[in-house]
Amino acid sequence: MYLTIDNIQKSFVNDRKENVKVLDGINLNVKKGSFVSIVGPSGCGKSTLLYLVAGLDKADSGEIRVDGDLVSKPGPERVVVFQEAGLFPWLTVLENVIYGLNLKKMPKEEAKAKALDVLKMVHLSKYVNSYPHELSGGMKQRVSIARALVMEPDILLMDEPFSALDEQTRMVLHKELLEIWRKTKVTIFFITHNIREAVLLSEEVVVFATRPGRIKEIISVPTMKDGVTPDSVTLNTEQRILSILQEEIEKVLKEEIGDDYSFKTDHLHRGDSGDMGSHI
Amino acid sequence: MFPSLTQVLDTLFNGLVSGQITLAIGKSMGRILLGFTIAIVVGLILGYFIWRYKLVEDTLGFVVTALQSIPSIVWFPLAIIWFGLNDFSILFIVTIGATWTMTVNATSGFKNVPQLYQRVAKVYGSSGFHFLRTVILPASVPQIISGLRIAWAFSWRALMAGELLGGGGGLGQLLEMGRSLGQMDLVISVMIIIAIIGTIVDNVVFSRLERNVEVKWGIRKRA
């Protein structure tokens, strides 16, 4: 196994000084070159797990290893693409992409050539010398992906990278990301709350339970030999994940709204009373 | 007692040509540039420590806020006792007038650097001085510029007050000389020069700097 997450525990202290468990005994193995998504209701700790893998945060116990090496701090071999692009507004697109390469002490010419290559891959060759504010949301996120890819990371960590984008842009970026993944063979660890997105993109979907966050089920998405998944299979998988998540969503809603709310019974009730004797 | 407009313009022109006013301008500008530069450097360094260490923030940070509220000319008597009535005393109050403002602005600039930028930099392996140079400093540039602007205004006022009382050449002393000679045309000429320099620096140097940064960052649209 390439990325191994072994029995991770993590808790936070909240505003009321209570200890809140966010991650409880997470065990996960990710193969090299695979595309793994994590879905779960908001607040289930999926982003926390990503930060732990990135090395931006420390677990209370348990360990994370990449290719056998223990993760203890952030490193250029585990690059994160955040929900917001997070481009530096004082640098041009090209300078933003080169930022990480400079830190690697790569010669200037080589770094520039490489950055231009990657920018071409995300179709932004025309905007090399633009400043971030001149780009649209989708373009910014593409630069942010380019900035990550240029590092040739072992693992690309993506934290809901498309959730702030509009539907059309997201669809285009899904396609581009899949192309990039097939081309570069990079391992992708993808966090999302969008079930469709997870099923469309990944080979394996890890469904998270919440409070505390733990792995509920791991579902592999069947793919045809040509890499295209038929709609019926996608839909089926989606339904399955949704039904697993239903219970979790209900738990969150109950905690937030109170006991009067029930996702499931509400549904059933309407079914019964809505039946106006059509069976006669 | 009040001079005519032509008399003022005449004195102003002659003063600029003969070098009386020109030399004073040079002397004053030299002082303020030195004092201002020291204030920027000290302010940035203090700002860094206040931002970086909680203990420094709780102690020095509080003192700085208190010191900031003292008008810089108030330091002058103390400066005279410490350094004597000389150039150094004037430089001291020019510097101290700008330092605290600069410190306060630098601190809040550093503190307001978005978490996202810091995370991004860390992910790519930036740390230590590189992190400071490539993320914290550039990200706080807008705030630092507005700090520079206020700091400049403070030290310009301190400089005039200091020169007026402490002598040693410069526009302030020329003003005092005009007063003691009863030469009101000279006094008004110097006042005009002081106003012009103040306006030029604020409107041309700092406004332009601010606008350039804002346009580059996309905070303000290109006019």
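These numbers come from the heavy atoms of this one structure, side chains and all, not from hydrogens, waters or symmetry mates. In the text below, chain A, chain B and the rest are named by the order of the sequence lines, each starting its count at 1.
- Side chains of Glu152(A) and Lys114(A) form a contact here, defined as non-hydrogen atoms less than 4.5 Å apart.
- Judged by a 6.0 Å distance limit and a 45° cone about the ring axis, Lys216(B) is not positioned over the six-membered ring of Tyr131(A).
- Here Glu167(A) pairs with Arg170(A) in a salt bridge; the nearest charged N to carboxylate O distance falls below 4.0 Å.
- Considering only heavy-atom pairs separated by less than 4.5 Å from chain B, the leading option among Asn102(A), Leu101(A), Leu56(A) is Leu56(A).
- With respect to the salt-bridge test (charged N to carboxylate O, under 4.0 angstrom), the residues Lys10(A) and Asp57(A) qualify.
- When Ala139(B), Gly125(B), Ser127(B) are compared by the number of non-hydrogen pairs under 4.5 Å with chain A, Ala139(B) comes out ahead.
- Listed options Lys73(A), Glu77(A), Arg147(A), Gln83(A) were ranked by heavy-atom pairs under 4.5 angstrom with chain B; first place goes to Arg147(A).
- Interface check for chain B: of the options Ala148(A), Pro76(A), Pro132(A), the most heavy-atom pairs under 4.5 Å are formed by Ala148(A).
- Both the backbone and the side chain of Val135(B) come within contact range of chain A, with heavy atoms under 4.5 Å apart.
- Between Tyr117(B) and Trp90(A), the gap from one ring centroid to the other is short of 6.0 Å.
- Residue contact with chain B, scored on non-hydrogen atoms closer than 4.5 Å, involves the backbone of Leu87(A) exclusively.
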